[in-house]
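Below: the structure, in structure tokens.
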Amino acid sequence: MFSTIIEQVINGIVTGSVYAIVAVGMTMIFGVLRAINFAHGEYYMLGTFGAWFAIDYLGLSYEASIVVAVLSTTVVAYVVGQLVMRRMVGAPAESGVLATLGIALILQNTVIFVFGGGYKFFAGGYIEPVSILGFSLAQQRIIILVVCLLVFIGLELMVTYSRLGMAMRAVSQNIQCCGVVGIDVPQVVLRTFVLGAALASLSGVLTAPVNVSVYGGMGELITFKTLPIIIMGGLGNVRGTFYAAMILGIAESLVATYIGLQFRDTVGFATLILMLMWRPHGLFSTQARF
Amino acid sequence: MTQTLTRRMLCISTAILSIAGVAPSLTARAYAADTIKLGIVAPMSGPNARYGGFSMHGAELAVKEINDAGGINGQKIELFNADSQGTPVEGVSATRRLIDQDGVDFIIGDVSSSVTLAMQPVAEDAEVLLLNAASSNPKITYQAGVGGFKWTYRNYPTDENRALVVAKYAAEQRGFTKFSVLSVDSDYGRSAITFTKKYLPDFKGEILSEDYYKEGEVDFRSVLAKIRDNGAQAIIMYGLADTTPIVARQMLELGLAGKVVLIGNGEFNTEKTIKSAPKAMEGAVEAAAWLPQYDSPASKAFVEKFTTTYKEAPNNHAYVHWDTVNLLAQAIKEAGTSDKNKVREALSKIKYTSPVGEVTFDDHNQARLPMILLQIEDGKPSIKGAYTAEIQYPAN
């Protein structure tokens, strides 16, 4: 009984890691743009497709496919960033919703148009199980966990010490003042956006081996799972996002085990409603930042 | 003036059209002795058009074979096609068109269960024989024969057949008694489990856990961990084809591969699925109405003939329509006439040898059909034969 709970908590942490890498990009983009990026899950999908394409068509190894996937998504994100995202600085909230929803539809349907709507089989990755503390886990999941920790340590350091990180924080606090002190706001927005999209694609490539199926509509579910996380974590809060993702992952895992698999997706949406009712500014801050 | 003229024109043309509409059906009755009129209702357009295309090709092939061999009792079959678009509304008008305008006495249709359910009362009112070849909802024949509709027959195994056959095979051939359920959260996934539960006690089987997954679910580890710990011997899965590889991979991950097998339906036998986790798919049991690999001379001959005629391999729908036309032909032959009342009587008593085995009808006009069971052995689907199972209708 106790060991089952431990096992499910570990499962939850692994699931949470996937959510965390995707959600952190979304929350940073919100920080600088004040807009929810509804197309965020599509970069996750693009990453997975990029890797699938590299393996199936170019015959590359899984490691090389990670590079191809992240680079190609970065290119797409750069184009989208130049054409759309940087224009959203200072624009009303509804234009952000419309623009990102539109991008989501375009990216999703382009992929379906080019590669077809059927499910693809993802062949790469390390799926052999290993046993840790008596629990059996695919090697890939350990990779996901480690990469997630590295990403968050790196982001913490970047946000605190690097020039881009400081600029990001400044933009998230006051856009007008940034202009006064000479911070190129659209440039910061663009870079944050490309970074966020690249992280989402990395999460996609890392998850693909254990999720096996690759299809055009796979990004949508991820977008909707990340929404409660970034709200729970406090919009724009990197560390809060990490904890929130873990909480959602573990909660989902326990619900799936003890209540029923069909109720798994309920957890995220119920959390979203509860958070918006009682703590719309997130679990980790006492007052709203935006 | 112009308006009056238009209105008059409209009246006249309507009158002419209605006369023209009646005339062919009158002549049709008059010529009924010459040809046997058979209508096919199938989705020829819309999202299921592919199924309709296969169904029609299957029926055409059978009709051509029968007519080339001289017809039945000297009569040739004349084939009519009506498009249901896969929707009940269009299915009903298609059926009416076939009955009123083309004057058919026999209809085969539809693929979709909801369309077939809507067609049943229409066929009943017109006293036209409705022979279904491809719908699997059990309700269709629950309400046929002694259950109500005298003119509906079905030559296709139901979801209930499938559940029963799988449960029986798992219990009797594999000796399983402990099962866990992991099915898709839909009418199909849930009703298959409802029927599995109906029959499982007969085989001393018990269900230890029951979970349903939403379309798009990718993480089954918590459920699979539960199954690993509760000691189930098999997972009953009526699922989506695209989810099977994910489940199989995670079974591998949790060390269930080789210990617990999947039974049910969800494209367990495709190369893609097996390749995803060969160890987990080994021993999996699946039930299908028919598949091109089925090894009987008649089935092989059909596949070959269909492929040379239409330049593509037949699917399940092509086969069942081809087979059902042949079944009807034999019923007409045994009746000795194409009189629909006599044919219906003959159909109830028929012993028809199909490529998968002998077919007879029960008192609900449901064909006792074998389902083909296959088991994954050494990474390849191996056909374990065709199994028939008697449905227990609720007493009412």
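Lettering of chains follows the sequences in order, A, B, ..., and the numbering in each one begins at 1.
- Counting all heavy atoms, side chain and backbone alike, A/Thr257 lies closest to B/Ser222 at OG1-CB, 3.1 Å.
- Proximity to chain B (any heavy atom under 4.5 Å) is restricted, for A/Thr15, to the side chain, taken from C-beta onward.
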Side-chain donor-acceptor distances from residues 259-276 of chain A under 3.5 Å, at least two apart:
unit_1: A/Gln262; atom_1: OE1; unit_2: B/Tyr212; atom_2: N; d: 3.3
unit_1: A/Arg264; atom_1: NE; unit_2: B/Glu217; atom_2: OE1; d: 3.4
unit_1: A/Arg264; atom_1: NE; unit_2: B/Glu217; atom_2: OE2; d: 3.1
unit_1: A/Arg264; atom_1: NH1; unit_2: A/Glu252; atom_2: OE1; d: 3.4
unit_1: A/Arg264; atom_1: NH2; unit_2: B/Asp219; atom_2: O; d: 3.0
unit_1: A/Asp265; atom_1: OD1; unit_2: A/Lys225; atom_2: NZ; d: 3.0
unit_1: A/Thr266; atom_1: OG1; unit_2: A/Phe263; atom_2: O; d: 2.9
unit_1: A/Thr271; atom_1: OG1; unit_2: A/Val267; atom_2: O; d: 2.4

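- Residues of residues 18-26 of chain A having a heavy atom under 4.5 Å from any heavy atom of chain B: none.
- Judged as a salt bridge (charged side-chain N to carboxylate O under 4.0 Å, His left out), and not counting sequence neighbours, B/Arg249 has no contacts.
- In terms of non-hydrogen atom pairs under 4.5 Å with chain B, the most contact-rich of A/Glu220, A/Gln139, A/Arg141, A/Gln8 is A/Arg141.
- Residue-environment remark: CZ (A/Phe242) exceeds the threshold of 12 foreign heavy atoms within 6.0 Å.
- Per-residue heavy-atom pair counts under 4.5 Å with chain A were compared for B/Leu254, B/Leu182, B/Asp185, and the maximum is reached by B/Leu254.
- For residues 159-167 of chain B, heavy-atom neighbours of chain A at less than 4.5 Å comprise no residues at all.
- Annotation: B/Lys198, atom NZ; neighbour count of heavy atoms from other residues, nucleotides and ligands within 6.0 Å is above 12.
- Of the two parts of A/Leu221, only the side chain, counted from C-beta on, holds a non-hydrogen atom closer than 4.5 Å to a non-hydrogen atom of chain B.
- Contact annotation: the side chain of B/Gln250 never approaches that of A/Val212 to less than 4.5 Å [non-hydrogen atoms, C-beta and beyond].
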